[in-house]
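Beneath this line is the structure, given in structure tokens, with notes to follow.
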Amino acid sequence: MTVETLESHLLILEDDQGRKEFSLDQPLYSIGRDKESNIRLVSQFVSRRHATLVRLPKNNNSYYYRIVDGDGKGKASANGLMINGRKIPAHDLKNEDEIVFGPKVRAIYYLLKNTQRSGQTDASEYDITLINPGMTEDVEEL
């Protein structure tokens with residue numbers, strides 16, 4: 001039996017409109033105030049094209065996301081990114097990283113690992129209790 005680990009990437013965003021969840025599965029996301037952004041931030045304190053998420057391959061047929069300040073073409077945002085309390089232009093995201101885009105605008109990245117078994121299963125995986133039909137009848141004591 002083989003055990004396969006499937007990863008899910010989740011971005012939970014808080015801005016002026018509240019909390020939103022984004023399941024990440026695309027190769028590229030634009031993040032910002034612009035109405036055309038894939039992930040729209042609602043705040044006057046963030047740039048129209050504040051950041052870009054890029055999906056990059058790992059060695060084991062999975063992938064990770066890198067967040068880059070600005071539009072992804074080299075133009076940085078006005079305020080930059082604070083990731084885990086440090087202002088940096090780019091970062092390879094890890095589970096529970098905190099990204100601050102501006103006052104009251106932040107996101108938490110989650111890397112969720114789901115284990116899935118494939119192949120044959122053995123009987124020890126199941127708890128089977130067999131009941132004899134005679135055990136369920138009421139028996140009068142003498």
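One is the number of the first residue; the rest follow in order along the sequence.
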### Message
Applying side chain to side chain contact (heavy atoms under 4.5 Å, CB included) to F22 and L10, what does each step give before you reach the verdict?
### Response
CA-CA 6 Å; F22 296 90; L10 183 66; 5.9 Å; no
### Query
Closest heavy-atom contact between Y63 and D25?
OH-CA, 4.1 Å
### Summary
Shortest non-hydrogen pair, T52 vs G72, comes out as OG1-N, 3.2 Å
What's the separation between atom [atom1] in [X] and atom [atom2] in [Y], rounded to the nearest 0.5 Å?
{"X": "I12", "Y": "Y109", "atom1": "CD1", "atom2": "OH", "result": "12.0 Å"}
{"X": "L112", "Y": "L6", "atom1": "CG", "atom2": "CG", "result": "11.5 Å"}
{"X": "L11", "Y": "L24", "atom1": "CG", "atom2": "CG", "result": "5.5 Å"}
{"X": "D16", "Y": "R33", "atom1": "CG", "atom2": "CZ", "result": "11.5 Å"}
{"X": "I83", "Y": "I88", "atom1": "CD1", "atom2": "CD1", "result": "4.0 Å"}
{"X": "R66", "Y": "L53", "atom1": "CZ", "atom2": "CG", "result": "11.5 Å"}

Kindly indicate whether the side chain of [X], heavy atoms from C-beta on, has any atom under 4.5 Å from the side chain of [Y].
{"X": "K20", "Y": "V42", "answer": "yes"}
{"X": "Y65", "Y": "Y29", "answer": "yes"}
{"X": "H9", "Y": "L111", "answer": "yes"}
{"X": "V46", "Y": "D15", "answer": "no"}

Is a side-chain donor or acceptor of [X] paired with a backbone partner of [Y] at a separation under 3.5 angstrom?
{"X": "N79", "Y": "F45", "result": "yes"}
{"X": "S47", "Y": "S77", "result": "no"}
{"X": "D69", "Y": "A51", "result": "no"}

### Message
Let's go through H91 and D97 carefully: what are the C-alpha distance in whole Å and the side-chain angles of both, what is the deciding distance for side chain to side chain contact (heavy atoms under 4.5 Å, CB included) to 0.1 Å, and is it a yes or a no?
### Response
CA-CA 10 Å; H91 177 74; D97 277 348; 2.7 Å; yes
### Message
Exactly one of R48, R40, R49, H50 should register a side-chain hydrogen bond (donor to acceptor under 3.5 Å, both in side chains) with D34. Which one does?
### Response
R49
### Query
Is it true that atom NZ of K58 has more than 12 heavy atoms of other residues, nucleotides or ligands lying nearer than 6.0 Å?
yes
### Task
Mark yes when over 12 heavy atoms from residues, nucleotides or ligands other than K104 sit less than 6.0 Å from its NZ; otherwise mark no.
no
### Task
Decide side chain to side chain contact (heavy atoms under 4.5 Å, CB included) for S30 and N38; before the verdict, give the C-alpha distance in whole Å, the side-chain angles of both, and the deciding distance to 0.1 Å.
CA-CA 5 Å; S30 57; N38 302 115; 3.1 Å; yes
### Shared hydrophobic cluster, L28 / L56 (ILVMFWY, side-chain heavy atoms < 4.5 Å)
yes
### Message
Hydrophobic clustering (ILVMFWY, side-chain heavy atoms < 4.5 Å, transitive) - are I39 and V105 grouped together?
### Response
yes
### Task
Let me see the working for E96 and Y110 under side chain to side chain contact (heavy atoms under 4.5 Å, CB included), right down to the final yes or no.
CA-CA 5 Å; E96 297 185 4; Y110 291 98; 3.7 Å; yes
